[in-house]
Engineer: 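Once you've had a glance at the structure underneath, I'll fire off some questions.
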Amino acid sequence: VQLQASGGGSVQAGGSLRLSCAASGSIFGIGVMGWYRQAPGKQRELDATINSSGSTNYADSVKGRFTISRDNVYTTYLQMNNLKPEDTAVYYCTAVRFLTYWGQGTKVTVSS
């Protein structure tokens, strides 16, 4: 499974961005897809997940601001609203198909 993430960029606090992640290769049987972030000098942490039935899970820090969605078995999105400077990070998408696969990351910078 290969994952291609896109949609990162620079935005001012309070702004919005939409990240996209498309899986390719052996996509049959992909279950949970998700988004993680890694801020400079910090560990990678989970933001949101969505399973193949559409059930979602969010970190407390993004609840009410971020929305994960999925329009088919192999594409997921992360709508990020009301962005804060502390959301600045590299965002990675993941997909689980027996193993967990990671995308290359897309950088989000939020300025105050």
Side-chain angles (χ1 to χ4, degrees):
V1 177
Q2 294 82 47
L3 299 171
Q4 182 67 46
S6 61
S10 297
V11 64
Q12 289 190 326
S16 299
L17 285 172
R18 189 189 194 209
L19 307 183
S20 301
C21 177
S24 61
S26 299
I27 62 172
F28 180 78
I30 286 178
V32 175
M33 298 186 79
W35 289 93
Y36 287 71
R37 70 168 77 178
Q38 187 165 21
K42 295 188 177 181
Q43 291 187 327
R44 198 169 292 187
E45 59 185 24
L46 174 67
D47 274 348
T49 61
I50 185 168
N51 67 15
S52 56
S53 299
S55 295
T56 58
N57 181 56
Y58 295 94
D60 288 342
S61 59
V62 305
K63 282 180 181 176
R65 299 189 301 122
F66 291 11
T67 302
I68 189 170
S69 61
R70 190 166 174 175
D71 63 1
N72 51 45
V73 70
Y74 57 83
T75 305
T76 186
Y77 305 93
L78 187 67
Q79 178 66 44
M80 305 186 295
N81 297 328
N82 190 22
L83 283 161
K84 304 176 180 180
E86 52 264 41
D87 294 319
T88 294
V90 177
Y91 285 74
Y92 298 89
C93 64
T94 64
V96 177
R97 182 181 181 274
F98 306 114
L99 301 174
T100 298
Y101 296 86
W102 293 81
Q104 87 286 5
T106 184
K107 187 173 182 179
V108 172
T109 302
V110 185
S111 57
S112 57

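These values consider heavy atoms only, across backbone and side chains, with no hydrogens, waters or symmetry-generated copies. Not measured: the values here are computed from a predicted model.
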Engineer: Between CD1 of Ile68 and OG1 of Thr56, what distance do you get to the nearest 0.5 Å?
Structural biologist: 8.0 Å
Engineer: For Asp87, which residues count as a salt bridge (charged side-chain N to carboxylate O under 4.0 Å, His left out) partner, sequence neighbours excluded?
Structural biologist: Arg37, Arg65
Engineer: If two hydrophobic side chains count as joined below 4.5 Å and joins carry through other members, does Phe98 share a cluster with Val96?
Structural biologist: no
Engineer: Applying ring pair (Phe, Tyr, Trp, His ring centres under 6.0 Å), name anything that partners Tyr74, two or more places apart in sequence or on another chain.
Structural biologist: none
Engineer: Determine which pairs satisfy disulfide (SG to SG under 2.5 Å) with at least one residue from residues 25-54, sequence neighbours left out, and list them in order.
Structural biologist: none
Engineer: Looking at CG of Leu78 and CG of Asp47, how far apart are the two atoms once the value is rounded to the nearest 0.5 Å?
Structural biologist: 6.5 Å
Engineer: Applying side chain to side chain contact (heavy atoms under 4.5 Å, CB included), can you list everything that pairs with Asp71, at least two apart in sequence or on another chain?
Structural biologist: Thr75, Tyr77
Engineer: What I'd like to find out is whether the side chain of Met80 reaches to under 4.5 Å of the side chain of Tyr91, using heavy atoms alone.
Structural biologist: yes
Engineer: Running the 4.5 Å side-chain criterion over Ile, Leu, Val, Met, Phe, Trp and Tyr, what cluster does Tyr36 land in, apart from itself?
Structural biologist: Leu46, Val90, Tyr92, Trp102
Engineer: Enumerate donor-acceptor pairs with a distance under 3.5 Å from any side-chain N or O in residues 103-112 to protein atoms, sequence neighbours excluded.
Structural biologist:
from	atom 1	to	atom 2	distance (Å)
Gln104	OE1	Ala5	N	3.3
Gln104	NE2	Ala5	O	3.0
Thr106	OG1	Gly8	N	3.0

Engineer: Could you pull out all residues at least two apart from Lys63 that satisfy salt bridge (charged side-chain N to carboxylate O under 4.0 Å, His left out)?
Structural biologist: Asp60
Engineer: Distance-only criterion, 3.5 Å: show the donor-acceptor pairs between side-chain atoms of residues 9-35 and protein atoms not counting sequence neighbours.
Structural biologist:
from	atom 1	to	atom 2	distance (Å)
Ser16	OG	Asn81	OD1	2.9

